[in-house]
Amino acid sequence: MGFKHDLLVYTTLECESPEEMAACMHKAKQEGADLVELCIDSLTFSHISQVEHLLKQRTLPSIVSFRPRNSEWKKACIQVLKLAVELDVEFVEVDREVVCDEVMAELMSRRSNSKIIVSSYVNGGNPTEERLCNLIINLQSTGADVVKLVIDVAYITDVAPVFHMLTHTQVPLIARAAGDRGLISQLLGPKYGAFFICGSLGGKSTPGLPPLTSIKEVYKLEYVNPDTRVFGVISNPVGHSKGPLLHNPAFRHTGYNGIYVPLLVDNVKEFFRVFSCNDYAGFSVGIPHKEAAVRCCDEVDPLAKSIGAVNTIIRRPSDSKLIGYNTDCEACVTAIEDALRERKKTHGHASNVSPIAGKLFVLVGAGGAGRAIAFGAKSRGARVVIFNRKYERAKALAAAVSGEALPYEHLNDFCPEMGMILANASAVGMQPKSDQTPVSKEALRSYELVFDAVYTPRNTRLLQEAAEVGATVVSGVEMFVRQALGNAKTRIMFANLVEEVTETLGIHIDAPSASKCKLITWERRIYQIQ
Ligand SMILES: O=C1C[C@@](O)(C(=O)O)C[C@@H](O)[C@@H]1O
């Protein structure tokens, strides 16, 4: 078939009425879909003529599918599939489990322009290459023009055999790993020769499916090819990350053939074992993996080593070794310093000494991000006090930065002096639990500045309440963009990208005031603020 490398983006329409389906088809077209899968079994219709009308009026090339929900529906299924073939619908999808050889043969012989897709659902997780291969051979033996597999995956690593099949199968193959952990089967599919990619309609996040709009605008999958280098954020959860919105445009501006994707990882070590080739070139590391990731690296930068957490990993092309860095530390501390300097400037006393020096720096959270912030604050001469739900972790971190650990229950009463700095490095307040806050509004009155590492939502409850009591607030987006620049800088070293990435991101950590307006531009872009 001629279209193997011409990417077609489709979306699946499940609607109650033919009218609604026609309207959704229109919407799918507006959002950039090349074709739609019409799930006729989702429709309520009294007569087949309504389906006929819908198919004749279709405004996009279509796949007609029908999944019978019980044995009585089987008759309707066969009737609809035959109708679709008669009407020359572009693709007619036949479920291998329901359609017998005889009907299959009839559909094949009656079609003129329709292509027949024979599909199967692979359940039970852990799809081995052998299992997938046998299934493909079986489906192909029906004489199908296209074979389609929807595969249940338990872990992101289960997607690797799917990529292997996409690369090595001769018959045109549509493969989709279902669920959140299967998302990369769609985003990276084109790298492995996939020619059909499924997206979700209406900006909706459907598990395992990228929104149609982000396929076109963020990932630009039509440019992904076998040489595309893969980057991504390893995290769990990962859906909140704005990394793809920031790194993908940066790649394009610099003409670099790379893609940056969310990687929902349960076990970092296993992830690196399976995705071990040079094409998987660099990673951001998010919660809760920043400490475990240190143990996966072959070399760790001295700063990251002392912190005990990495948030950036680069695969060195010359020997495929993983090199870990920590860009959170400088990102957070410089964001706080800049805000304090700005405040001092308006109060008339600017100075070169870090404005954090000598301050009481209260840190909530002793995980990977907390560790980086504690080390950063200590490096600037702050007195660090740590609160963490698990007291033992707070104590261990306090010992590492010559600070003090206090029981979490005392956080709201802690007020030894006024004008302290508060940094939240816990996930409290992150979407979807954005009504939560780690520190009460009353307690915030003792702080001169409040920083929140949580950046989704942008204006957390903690920051809103801190602003209401008159504190200077620094949002997590300041840290997020700065750590991403750190990612880019480490990437430049190994991918021979020149200063352009820095230019594109537009932030020069050494010259904070010049960077401010670019930061705001990125903030607008990331949160899609007009
Ligand atoms: O903390 C963060 C944010 C992040 O996890 C993200 O959401 O993209 C990426 C990490 O590298 C970084 O340290």
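Position 1 is the first residue of the sequence, and the numbers go up from there. On a predicted model such as this, the values are computed, not experimentally measured, just so you know. One-based numbering, in listed order, for ligands and for the atoms of each. Values reported hereafter were calculated over all heavy atoms of this structure, with side chains retained and with hydrogens, waters and symmetry mates removed.
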Checking contacts here: is it the side chain or the backbone of [X] that comes within 4.0 Å of ligand 1, counting heavy atoms only? Could be both or neither.
X	value
T312	neither
N311	both
M479	neither
K290	side chain

Under 4.0 Å from any heavy atom of [X], which atoms of ligand 1 are there?
X	answer
S241	6 (C), 7 (O), 8 (O)
G286	5 (O)
H240	7 (O)
F480	6 (C), 8 (O)

- Query: Got the closest protein heavy atom to atom 9 (C) of ligand 1, with its distance?
  - Reply: S284 CB, 3.9 Å
- With distance as the sole test, does K191 use its side chain to make a donor-acceptor pair with the main-chain N or O of P226 at under 3.5 Å? yes
- Any idea how F283 and F272 line up, ring-wise: parallel (<30°), tilted (30 to 60°), or perpendicular (>60°)?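 Geometry flag for F272 against F283: perpendicular rings.
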- Query: Which class fits the ring pair F387 and F414: parallel under 30°, tilted 30 to 60°, perpendicular over 60°?
  - Reply: perpendicular
- Heavy-atom proximity to atom 6 (C) of ligand 1, best of F283, Y455, Y325, Y260: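 The nearest heavy atom belongs to Y455.
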